[in-house]
Amino acid sequence: MGCASSVYGAGPWMKKKKPSIPEIVVFVPSMRIPVESDLRRPLKGLIPKDLVDRLQSLRSQIVLVAHDTGGSAVTELRRALEEYLSVLSGISKKEYGVEGLVEFKWKNLQDGKQEISVANSWFELLSVIHLMAMLTLAEADSLMIPKDHSGSGIRIVSSDCKREAVDLLLKASGYLEFCVRDILVRIPPDIKKRLPKDMQDNVLEAISIQALGQGTEIQLGLAVECPKATMSVKRRLACEQLSYFSQAYHSLSGGCDINHSSGKHIWFLKWKFLEAKAAAYYFHGLILDKGSEPSSHISAVCCFLAAEELLSESKKACLTFCLSAPVTRAPPLWGAMKHLQQKIPEVASRKSQMYGYLLEQEKALQQLPDLPEFQLSLAPEDYRLPEIDSAWDSEKWETQEQPLKEHLKDFEDETAS
């Protein structure tokens, strides 16, 4: 696997890059990649040899590419994973009687340790689709990192890249929703308890909702940049973004130690939650300020002051997130925050001075109004497993089956040797 002649490996003549601190726009939890596992021996004689060989070959290809590229060859990995899924799906069918025979091994890419090995085909399906989701999030993150294409020193993200990133976030959310809805429920409780924490249902659900929140965050940024977008549209998007991040935060934080491995993820969601709430109060205040009653102006000032305080808290949460291991950087200000980081303090100061006399006269009205609630617009993209490969059509199999008793005896003899 660590072969120097690998087409993906860097030759010894290439200079090693200096370690750099990565920028993060779309948060991608630690990726898990497969470890070489022997599929041939436990499946010998139970399904056709060419089908076993194909399963082994496809999985080995994924192992090779994932290990040699660190998961960066997104397009090639996704293609290999999708082809593998159509063949792998057959193992999970009870009629073939092989769903619990193969020991599937996976490890955490970040620390390189083999964390889990499970003899269950549904675990393998979960791991494959989870990897597809993480690759999709990583691709969305790559699109959202600003780049200097012109050589002018100005880094930008095009509107097309932002829209493509939204599509990818919806796709990743769909993968994760499918994992929670259709796969985890099929894994026996004793195996489910052994799963890593980042593959438990509350974490998968949090990441799925987080992806929707980040998709809405990008849409809000596009709306802020669009002269035709109304204030009502901007407020609605900010409130929806707040709702998504609130749901994701509560899903992840349920029973979670903030100092544990999920700590960085928690801080990311807290940062985004505070930013979204600041934006929602700011746009809500602008709409309230259009009213003619003194109470409307007072409520608007309360919104602006709350937005300013939330913005300050979000900066602290961002710093804590960046410094939490592994250390990362926030990108240059983008989207709605590029506009609001300056506008919120300016408007809060100006309106406080403008309506200072009202605040003194009507102290009883100085209450922060509730934010409006809206039906959420974004939903996970529907995902279904691909059709089972035609190679699983048992009617076409040659009569080469080995009796199960004889197969198990062979398996025990090989294990003993």
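Salt-bridge annotation for R384 and D382: present, with a side-chain N of the basic residue lying under 4.0 Å from a carboxylate O of the acidic one.
Legend: side-chain hydrogen bond (donor to acceptor under 3.5 Å, both in side chains) pairs involving residues 120-132, not counting sequence neighbours, sorted by first then second residue: R59-E124, Y84-E124, W106-E124. Counting only residues at least two apart or on different chains, the salt bridge (charged side-chain N to carboxylate O under 4.0 Å, His left out) pairs with a member in residues 178-193 are E177-R181. Listed by first then second residue, pairs satisfying salt bridge (charged side-chain N to carboxylate O under 4.0 Å, His left out) with a partner in residues 301-313 read E313-K316, not counting sequence neighbours. For residues 277-298, the set of pairs meeting the salt bridge (charged side-chain N to carboxylate O under 4.0 Å, His left out) definition, not counting sequence neighbours, comprises D289-K351. Residues in residues 207-235 take part in these salt bridge (charged side-chain N to carboxylate O under 4.0 Å, His left out) pairs, two or more places apart or across chains: K162-E225, E217-K272.
Checked against salt bridge (charged side-chain N to carboxylate O under 4.0 Å, His left out), R194 has no partners two or more places apart in sequence or in another chain. Legend: residues meeting side chain to side chain contact (heavy atoms under 4.5 Å, CB included) with S349, ordered by chain and number and at least two apart, are Q353. Evaluation of the salt bridge (charged side-chain N to carboxylate O under 4.0 Å, His left out) rule for R54 yields D389 as partners, not counting sequence neighbours. Applying the salt bridge (charged side-chain N to carboxylate O under 4.0 Å, His left out) criterion to D201, with sequence neighbours excluded, gives no partner residue. Not counting sequence neighbours, D167 has no partner by the salt bridge (charged side-chain N to carboxylate O under 4.0 Å, His left out) test.
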Under 3.5 Å, sequence neighbours excluded: what are the donor-acceptor pairs made by side chains of residues 236-244?
| unit_1 | atom_1 | unit_2 | atom_2 | d |
| --- | --- | --- | --- | --- |
| R236 | NE | E240 | OE2 | 2.7 |
| R236 | NH2 | Q375 | O | 2.9 |
| E240 | OE1 | S377 | N | 3.1 |
| E240 | OE1 | S377 | OG | 3.0 |
| E240 | OE2 | S377 | OG | 2.9 |
| S243 | OG | Q247 | NE2 | 3.3 |
| Y244 | OH | L378 | N | 3.0 |
| Y244 | OH | L378 | O | 2.7 |

List the atom pairs, with distances to 0.1 Å, where a side-chain N or O of residues 327-336 and a protein N or O form a donor-acceptor pair under 3.5 Å, not counting sequence neighbours.
| unit_1 | atom_1 | unit_2 | atom_2 | d |
| --- | --- | --- | --- | --- |
| T328 | OG1 | K264 | NZ | 3.0 |
| R329 | NE | I21 | O | 2.9 |
| R329 | NH2 | I21 | O | 3.3 |

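Between F304 and Y282, the ring planes are tilted. Angles from 30° to 60° get that label.
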